[in-house]
Structure formats: structure tokens, C-alpha cells
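Note sheet for the following structure.
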Amino acid sequence: MPKEYKTIQEVAGPLMLVRGVEGVTYDELGEIELASGEKRRCQVLEIDGGNALVQLFESSTGINLSNSKVRFLGRSMELGVSEDMLSRVFDGLGRPIDGGPEILPDKRMDINGLPMNPAARNYPQEFIQTGISAIDGLNTLVRGQKLPIFSASGLPHNNLAAQIARQARVRGTDDAFAVVFAAMGITFEESNFFINSFRETGALDRTVLFINLANDPAVERIATPRMALTAAEYLAFEKGMHVLVILTDITNYADALREVSAARKEVPGRRGYPGYMYTNLATLYERAGRQKGKNGSITMIPILSMPEDDKTHPIPDLTGYITEGQIILSRELYRKGIAPPIDVLPSLSRLKDKGIGKGKTRADHANTMNQLFAAYARGKDAKELMVVLGEAALTEIDKLYAKFADEFEKEYVSQGYNANRDIEETLAIGWKLLSILPRSELKRIKDEFLDEYYGK
């Protein structure tokens, strides 16, 4: 039986100081029992001799210093995992909130996970089809990759996240595919949107949802993505499934980190975020990947809304260092009615070359991808010239490129949030658009592919 302490010295916000403790370790879980018998969970943040600084998961109201007791449980935070988690909805601490029964765990796993040995990692290379042309065709996602979506407030990243979660699949295999979806600091309305969206399309059957609402404690928000990744690691590496993890919104997570850091009176770093935010984000992102000798994999799409649309803000900046590329949503395209408003030119998937080509997508994929990028970039330049100098100043070929840029946004990028295009359809749309340009302009495509597909 764990020893009880009645030596709570002070409570300040989410923090509490307990004196005279013995054998208590960092990160250990604790339980506070109030005079009324109510129990609340807490976690050890710091040990200094016999003093333990403890962080509360629920609010600190009603804790009476003289007659509340604290017990330390001798273990860090764990999640009970089992395959029954699929099709269920949990709160940020892994408790069911869908009215269903408690999960009978197959095993209990530490939510901080075990770091993956770099030598045991396998290289990400299988193509994942999301059904979204701007991603599949131009910024291809591969199995085991970390590919964040950089959005901004008011842009439809939730619709895009739900669409990817519903549509994503690994082609050409019969392996089980699951989605682990963790939402942090979202509103009740957004939470309903995700749950209903998955329920209506039947995608909920292969999805585990963790939902932390905006009015839940900040401390719980820090645990939410770790709960989700623990469930993902179990499904991927113990059950051999391909798991897609979607985390939204990383900005809310980082703000919770800043809030708790300020309560601990730590020295702030850039824009008030803690100096260890880089390492903290890396402990989440680096849990994605593939392991040698294991069938399953974890592919991760973190979504973050950039404060003030600023790519150099610490959250997108640090995320960009740790992940393999980024998909950027554009306010300008959103105003034009392009859905999803993916800005393909600054977007990048650093591993796209590994997941495309013969036997994975199609032999002409790499050539057409490069040509579409080049033509769209030139078309946008032509449109800017048109604004400055007027249409009369453009050459005939520049006018064709300007037309191409418009058609490319309308037909290729914009497809709505319900269209699920396979890679063949995406490539066919690409060829249709390239036939706007004369064959002599398509210098990035081999003749054999031009003979087979151009103008057909």
C-alpha cells in the first residue's frame, strides 16, 4: 500500500508542494484524496531532497491543505491498450467519453514511449494514397514519414484533416490500416464535426479518437498526443498495422507547454515558449517511423495553425527542423474558393521521390510532377506580370502559362473535401492540364511518356 502524505505545503495554480516525501521519483503519478473522498490525479515534476513539486491534472479548487492526502503510485503515466480501442472516443487522458464500456487492457504502456534506436529504423518508402491530388501528385506522403500541415487561423485544416483520415490507405497491400486522431484544445463544435464526420463515412471503425477540449486543463493537453502515440505504437509494432497519426492543433499543445512552464517560473525562450520546446516536440514527432523486422508503421501528420500566418514563428519553425517537409495552406487560394487551399510551390515532401515511380505509382509520375511544378511557377510569374504591365505586354506562350496556372488551381488543386481521387486519376488530370501547353515546352518529360500520354 503506497504511503500517504498529509504534508501539502502550498498550492499555486496547477502546482502543489508536498514536503517530507521518501523514495518518490520524477514523472511518478500521484493521487490526491480530498476530505470529501474525491480523488484527483497528479504527476511529480521536480524532487528536491524530501520536497516534491507536483502538477495537477484537474483543477486545484477545493484542496484543503490540512485535510487532503497525497499518495504516490510508484509508476509513471500509463495507457491500457487493446485492439478494442478502434472505433472508440477517449478524452485527453485515455478515458472513454463515448458512453461505451471501459477498455479491458491487453497490456499497459508508458505514455512517454521508448525512443526508437536509429539503427533499427527502416527507410520510409511505400506510397500512401490520401486521395488528394495536391498531396499525392506533387508532395507525396510515404509510409513512416512525418509530414506536417502548416495552416493559419480561419483556414479549413480541420476539413482537410478529416478528409485525409477518411481516405488514406496503403495501396497494393491487404495489411490492416488504422487512424489514430488526437485533437488538442479544440471547441465542442469542432469535436462534434470530427466524430460525426468519421461516424457518417464508416471511418470510425478503423479510428481511435482522443479529444481534449479547450476548457480541459492545459496539463491534460500535454498528455493527449502521448496517449495517442502510445495507442499507435501498440497497433503498429505489436499488432502489425499501418497507422496514420493525425495531431491537431500543435499550436494549442505548445501554448499549454508555455502555460505550464510559466507556472513553474522557468526562464522563457523565444516568444515566451520554454527553451526545451524543440526537444519536447521532437519526443513526439520522432515516435513515427518503421522498425526493422516489424510489419507495422507509424506515419504522422501534425497540423499547426501558424500564429499571424508567420512561417518563422517558433512552432512552425521548430517543427520544420524535425519533420520531413510541410504542406502549406494559403489564405489567398482560400479567398479564391480553392478547396483544399494547398499552396503547392512552398509545400514540400522531402521523401516524395522514394514513394513514386514504377511499381509504386506510375513510371511517368516523377517527370509530370516536375513539369507541373515548373509550369505552375512560370504561370504565376506571368500572372504577376499581367497585373503590372497589362495583358498586351505578354507573349502568346506567357498567356498560355497564365491560363495553365488558373486551370491548375481550379482542376488539380481544388477538388472539395469529399472527392477521393486515386493516383491514376490525379496523373490523368495532370496530363490533361499539360496539354494546354505545346509539346515543345514540356522539356522535363521523357519522349516515351509524351508519346504515350500527351494530348490523349
For this session: For T230 and R287, run side chain to side chain donor-acceptor pair (under 3.5 Å): C-alpha distance rounded to whole Å, both residues' side-chain angles, the deciding distance at 0.1 Å, then the answer.
Result: CA-CA 9 Å; T230 305; R287 288 170 75 173; 3.1 Å; yes

Just by distance, no angles: are the side chains of E190 and N158 close enough, under 3.5 Å, to form a donor-acceptor pair?
yes

Margin query: Do L15 and V54 make a side-chain contact, defined as non-hydrogen atoms from C-beta onward lying under 4.5 Å apart?
Written below: no

| said: If you count every heavy atom of other residues, nucleotides or ligands that lies below 6.0 Å from E308 atom CD, does the total exceed 12? | reply: no

- [ ] Check whether the side chains of T283 and R226 place a donor and an acceptor atom closer than 3.5 Å, and report yes or no.
- [x] yes

Could you go step by step and tell me if E409 and K336 meet the salt bridge (Lys or Arg N to Asp or Glu O under 4.0 Å) rule? CA-CA 10 Å; E409 286 172 5; K336 282 189 195 172; 2.8 Å; yes

Carefully, step by step, assess Y334 and I338 under the rule side-chain contact (heavy atoms from CB on, under 4.5 Å). CA-CA 5 Å; Y334 178 58; I338 305 288; over 6 Å; no

Notebook entry, point to check: Do NZ/NE/NH1/NH2 and the carboxylate oxygens of K146 and E324 come within less than 4.0 Å?
Noted result: yes

In terms of heavy-atom contacts, L329 and S151 come closest through CD1-OG, 3.6 Å

*asked:* What verdict does the side chain to side chain donor-acceptor pair (under 3.5 Å) test give for S261 and E266, after you've listed the backbone C-alpha separation in whole Å, the side-chain angles of each residue and the deciding distance to 0.1 Å?
replied: CA-CA 6 Å; S261 169; E266 292 172 339; 2.7 Å; yes

Item to complete: Measure the shortest side-chain to side-chain distance between V344 and Y412 over non-hydrogen atoms and say whether it is less than 4.5 angstrom.
Response: no

For I222 and A256 the tightest heavy-atom approach is CD1-O, 3.9 Å

Taken in chain and number order and not counting sequence neighbours, the residues that satisfy salt bridge (charged side-chain N to carboxylate O under 4.0 Å, His left out) with E189 are none

Original post:
Heavy-atom distance under 4.5 Å between the side chains of P217 and F57, does that happen here?
Top reply: no

Discussion item. So that I can tick it off, tell me whether R121 and E286 are bridged by a salt bridge, with the cut-off set at under 4.0 angstrom between side-chain N and carboxylate O.
Written reply: yes

Start with the C-alpha distance between E33 and S68, add both sets of side-chain angles, then the distance that settles side-chain contact (heavy atoms from CB on, under 4.5 Å), and finish with yes or no. CA-CA 6 Å; E33 192 178 321; S68 298; over 6 Å; no

Strictly under 6.0 Å, is that where the ring centroids of F181 and F210 end up? no

For A52 and I47, the nearest pair of non-hydrogen atoms, with its separation, is CB-CD1, 3.9 Å

Review point. Does some side-chain heavy atom of I149 sit less than 4.5 Å from a side-chain heavy atom of I164?
Key: yes

Which of L141, L160, N420 passes side chain to side chain contact (heavy atoms under 4.5 Å, CB included) with I132? It is L160

Rounding to 0.5 Å, atoms CZ (R421) and CD1 (I135) come to a distance of 12.0 Å

(message) Can a side-chain donor-acceptor contact be found between R143 and T299 if the only test is distance below 3.5 angstrom?
(response) no

- Are Q43 and D27 close enough that a side-chain donor and a side-chain acceptor fall under 3.5 Å? yes

- prompt: With a 4.0 Å cut-off, would you call R41 and E31 a salt bridge?
  reply: no

Practice prompt. For S87 and R206, test the side chains for any donor-to-acceptor distance below 3.5 angstrom and give the result as yes or no.
Written response: no

ask   = How about I246 and I303: do any of their side-chain heavy atoms sit closer than 4.5 Å?
value = yes

(message) Checking D136 against T426: is there a side-chain donor and acceptor pair closer than 3.5 Å?
(response) no

ask   = Would H313 and Y273 count as a close aromatic pair, with their ring centres under 6.0 Å?
value = yes

Determine, step by step, whether T312 and D317 satisfy the side chain to side chain donor-acceptor pair (under 3.5 Å) criterion, reporting the C-alpha distance in whole Å, the side-chain angles of both residues, the deciding distance to 0.1 Å, and the verdict. CA-CA 5 Å; T312 65; D317 188 33; over 6 Å; no

field: Min side-chain heavy-atom separation E83-K239 under 4.5 Å
entry: yes

Geometric class of the Y376/F408 ring pair [parallel <30°, tilted 30-60°, perpendicular >60°]: tilted

Applied to residues 93-103, the side-chain hydrogen bond (donor to acceptor under 3.5 Å, both in side chains) test, sequence neighbours excluded, yields R88-D98, D91-R95

On a heavy-atom basis, the closest approach of P314 and M277 is CB-CE, 4.0 Å

(message) Whether R221 engages the ring of Y253 as a cation-pi pair (distance to the six-membered ring centre under 6.0 angstrom, angle to the ring normal within 45°) should be assessed.
(response) no

Determine, stepwise, if the pair R171 / E126 fulfils salt bridge (Lys or Arg N to Asp or Glu O under 4.0 Å).
CA-CA 9 Å; R171 282 169 51 112; E126 285 103 334; over 6 Å; no

* Asked: Should the heavy atoms of other residues, nucleotides or ligands under 6.0 Å from CZ of F188 be counted, would the total exceed 12?
  -> no

Working note: R264 + L45, criterion side-chain contact (heavy atoms from CB on, under 4.5 Å); need CA distance, chi angles, decisive distance, verdict. CA-CA 9 Å; R264 291 169 65 174; L45 276 186; 3.4 Å; yes

Quick one: does Q145's side chain get under 4.5 Å of K354's, heavy atoms only?
no

inquiry  = Could you check whether any side-chain N or O of T207 sits under 3.5 Å from a backbone N or O of A203, counting only pairs where one atom can act as donor and the other as acceptor?
reply    = yes

Minimal heavy-atom distance between R350 and T323, with the atoms involved, is NH1-O, 2.8 Å

If you apply the rule side-chain contact (heavy atoms from CB on, under 4.5 Å), what do you find for L29 with F72, and how did you get there? CA-CA 6 Å; L29 266 192; F72 293 102; over 6 Å; no

Checklist entry - Is there a donor in the side chain of T368 and an acceptor in the side chain of Q371, or the other way round, less than 3.5 Å apart? => result no

Point to revise | Residues K6 and E4 bridged, charged N to O under 4.0 Å | key: no

Can a donor-acceptor pair be found, under 3.5 Å and without considering hydrogens, that links the side chain of E78 to the backbone of R108? no

Task: Pairwise side-chain contact, L345 with K380, heavy-atom cut-off 4.5 Å (strictly under) - done: yes

Between the CG atom in N212 and the CD1 atom in I186, the distance rounded to the nearest 0.5 Å is 8.0 Å

Check this for me: K292, atom NZ, are more than 12 non-hydrogen atoms of other residues, nucleotides or ligands nearer than 6.0 Å? yes

Q. Are the side chain of E220 and the backbone of G92 linked by a donor-acceptor contact shorter than 3.5 Å?
A. yes

Here the pair of heavy atoms bringing V208 nearest to M85 is CG2-O, 3.7 Å

